[in-house]
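This report refers to the structure that appears directly beneath it.
Count residues from 1 along the sequence.
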Amino acid sequence: MDKTIIIAEAGVNHNGSIELAKKLIDVAVKAGVDYVKFQTFKAELAISKNAKKADYQKQTTDADESQFDMIKKLELDKNAHIELIDYCNKKNIMFLSTPFDLESIDLLYELKIPLYKIPSGEITNYPYLKKIASKKLPVIMSTGMANIQEIADALQVLLNNGLQKKQITILHANTEYPTPMQDVNLKAMLTIRDEFGVKIGYSDHTNGIEVDIAAVAMGATVIEKHFTLDKTMEGPDHKASLEPDELIAMVKVIRNIEQAMGNGIKEPSPSETKNIAIARKSIVAKQNIKKGTIFTDENITVKRPGTGISPMRWDEIIGETAKKDFNEDDLITL
């Protein structure tokens, strides 16, 4: 693919509000992304009531609240999914959602979502991976917190249960919000490509957009990035998300980088061809030269423009005889 698939991750930044979710969709449409992605889960099926919050979640939500209670408030039921899918269809943008439990996998299949996004936390969830593979839909799998063997194991589960390698894209990721630059390790994305022979991409949790741009230049076929209406809103993921203007800027730069990558053939481009004669040089008379004079290092030189004999033919010209008179700076001809 020449075009990078850009997934704008709304996630749970809707804070449980359908209207807020629709505003996020509007931002994704304005930015020109390919997909807007939410999260599908039933808290009772995905999170134990004893599960603790991550440190980054404690910083952006009530620290005394359990992870279960935090997540329970962010559920989107089936009717909410249908409403948001319809809204996306009207806005001409593709709806995606990440399932976090087995029932949610079935729900998304029932709603005819065209592919599955496996989040980093499920890469070691064998029943989950097996069920997704059985649906035989394309899969994008994030690999935050995983080592190369865990990625290999997860990939093998998918392949053993109905998927082909060409259906799978693996995203390098780091599951810290925001990810420190020194922990990005973007070269690991290429390690994944070389190790498994799959399409690769990058799911980004850093502040800013520069790492996403670098990932595209390195060959990412998918970029996933969280976004929000306002980073200061209460909720687990707002702080590490792009605001609307930043998302718009990221998409614009990625599309520019795609054009700049080109076809890999090194040859003059259409825009620069006209400058060859201006910027290159030719062999010219260093001084007045009479007809019959032998060309030497002392009476010829190299100057612009490049409309005459190329200086690469210097040794060929040296020793030849001038067939006419040349004034200083005249292009040498044979």
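- Using modelled atom types and a 3.5 Å distance limit, the side chains of Lys117 and Ser142 yield a donor-acceptor pair.
- For Lys130, the NZ atom sits in a loose shell: 12 or fewer heavy atoms of surrounding residues, nucleotides or ligands are nearer than 6.0 Å.
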Return a table of donor-acceptor pairs under 3.5 angstrom between the side chains of residues 19-32 and protein atoms on other chains or two or more places apart.
unit_1	atom_1	unit_2	atom_2	d
Lys22	NZ	Glu83	OE2	2.8
Asp26	OD1	Tyr87	OH	2.7
Asp26	OD2	Tyr87	OH	3.1

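- Counting heavy atoms from C-beta outward, Lys52 and Gln67 have side chains that stay 4.5 Å or more apart.
- A donor-acceptor contact shorter than 3.5 Å is absent between the side chain of Asn299 and the backbone of Lys286.
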Kindly indicate, with the supporting measurements, whether the criterion side chain to side chain donor-acceptor pair (under 3.5 Å) is fulfilled by Lys49 and Ser66.
CA-CA 7 Å; Lys49 290 184 172 62; Ser66 70; over 6 Å; no

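- Through chains of ILVMFWY side-chain contacts below 4.5 Å, Ile47 is grouped with Val12, Phe41, Phe68, Met70, Ile71, Leu74, Phe100.
- Residues that satisfy the side chain to side chain contact (heavy atoms under 4.5 Å, CB included) test with Leu159, not counting sequence neighbours, are Leu155, Gln156, Lys165, Ile168.
- Across Asp237 and Gln39, no two heavy atoms sit closer than the pair OD2-NE2, 4.5 Å.
- Within the 4.5 Å cutoff, no side-chain heavy atoms of Val36 are placed close to those of Leu84.
- A donor-acceptor contact shorter than 3.5 Å is absent between the side chain of Glu243 and the backbone of Asp230.
- Between Ile93 and Val33 there is a side-chain heavy-atom pair separated by less than 4.5 Å.
- Listed by first then second residue, pairs satisfying ring pair (Phe, Tyr, Trp, His ring centres under 6.0 Å) with a partner in residues 215-237 read Tyr177-His226, His205-His226, not counting sequence neighbours.
- The pair Lys135-Asp106 meets the salt-bridge criterion, with a side-chain N (NZ, NE, NH1 or NH2) lying under 4.0 Å from an Asp/Glu carboxylate O.
- To the nearest 0.5 angstrom, Leu186 atom CG is 10.5 Å from Thr191 atom OG1.
- Ion pairing between Glu246 and Lys225 fails under the 4.0 Å rule for side-chain N and carboxylate O.
- For Lys187, the NZ atom counts as loosely surrounded, since its 6.0 Å shell holds 12 or fewer non-hydrogen atoms of other residues, nucleotides or ligands.
- For the pair Ala217 and Met261, the tightest heavy-atom approach, listed with the atom from each and the gap, is O-CE, 3.2 Å.
- Hydrophobic clustering (ILVMFWY, side-chain heavy atoms < 4.5 Å, transitive): Ile82 and Phe38 are in one cluster.
- No chain of hydrophobic side-chain contacts below 4.5 Å, direct or via other Ile, Leu, Val, Met, Phe, Trp or Tyr residues, connects Ile248 to Val253.
- Under the 3.5 Å distance criterion, with hydrogens and angles disregarded, a donor-acceptor pair is assigned to the side chains of His238 and Asn15.
- Listed for the Asp34 side chain is a donor-acceptor partner under 3.5 Å among the backbone atoms of Ile6.
- For Thr273 (side chain) and Ser269 (main-chain N/O), a donor-acceptor pair under 3.5 Å exists by modelled atom type.
- Enclosure of atom CG in Asn263 by more than 12 non-hydrogen atoms of other residues, nucleotides or ligands within 6.0 angstrom is indicated.
- Checking side-chain atoms of Asp183 against main-chain N and O of Pro180 turns up no donor-acceptor pair under 3.5 Å.
- Met181 and Met250 fall within a single hydrophobic cluster, where Ile, Leu, Val, Met, Phe, Trp and Tyr are joined by side-chain heavy atoms under 4.5 Å apart, directly or via other members.
- Proximity of a side-chain donor or acceptor of Gln164 to a complementary backbone N or O of Lys166 within less than 3.5 Å is not detected.
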Using the rule given for side chain to side chain contact (heavy atoms under 4.5 Å, CB included), can you reason through Thr40 versus Ile113, listing the C-alpha separation, both sets of side-chain angles and the distance that settles it, and then say yes or no?
CA-CA 12 Å; Thr40 304; Ile113 304 306; over 6 Å; no

Evaluate the side chain to side chain contact (heavy atoms under 4.5 Å, CB included) criterion for residues Ile309 and Glu316: first the C-alpha distance (whole Å), next the side-chain angles of each, then the deciding distance (0.1 Å), finally the verdict.
CA-CA 10 Å; Ile309 295 175; Glu316 178 185 338; over 6 Å; no

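- Under 3.5 Å, the side chains of Ser241 and Asn13 contain a donor-acceptor pair of N or O atoms.
- Hydrophobic clustering of Ile, Leu, Val, Met, Phe, Trp and Tyr side chains at less than 4.5 Å, counting indirect connections, keeps Trp314 apart from Leu331.
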Assess the residue pair Phe326 and Thr293 against the criterion (side chain to side chain contact (heavy atoms under 4.5 Å, CB included)); give the C-alpha distance rounded to whole Å, side-chain angles, the decisive distance to 0.1 Å, and a yes or no.
CA-CA 10 Å; Phe326 294 93; Thr293 303; over 6 Å; no

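- Atoms NZ and CD, from Lys303 and Glu328 in turn, are 5.5 Å apart once rounded to the nearest 0.5 Å.
- Using a 4.0 Å cut-off between a side-chain N of Lys or Arg and a carboxylate O of Asp or Glu, Lys252 and Asp245 do not qualify as a salt bridge.
- Side-chain N or O atoms of His172 include none that pairs as donor or acceptor with a backbone N or O of Ile200 at under 3.5 Å.
- Sorted pairs that involve residues 149-163 and meet salt bridge (charged side-chain N to carboxylate O under 4.0 Å, His left out), not counting sequence neighbours, are lacking altogether.
- Leu45 and Tyr126 are not part of a single hydrophobic cluster, where members link through side-chain heavy atoms under 4.5 Å apart.
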Give the table of side-chain donor-acceptor pairs shorter than 3.5 Å for residues 276-285, with sequence neighbours excluded, one pair per line with atom names and distance.
unit_1	atom_1	unit_2	atom_2	d
Ser282	OG	Pro305	O	2.7
Ser282	OG	Thr307	N	3.2
Ser282	OG	Gly308	N	2.8

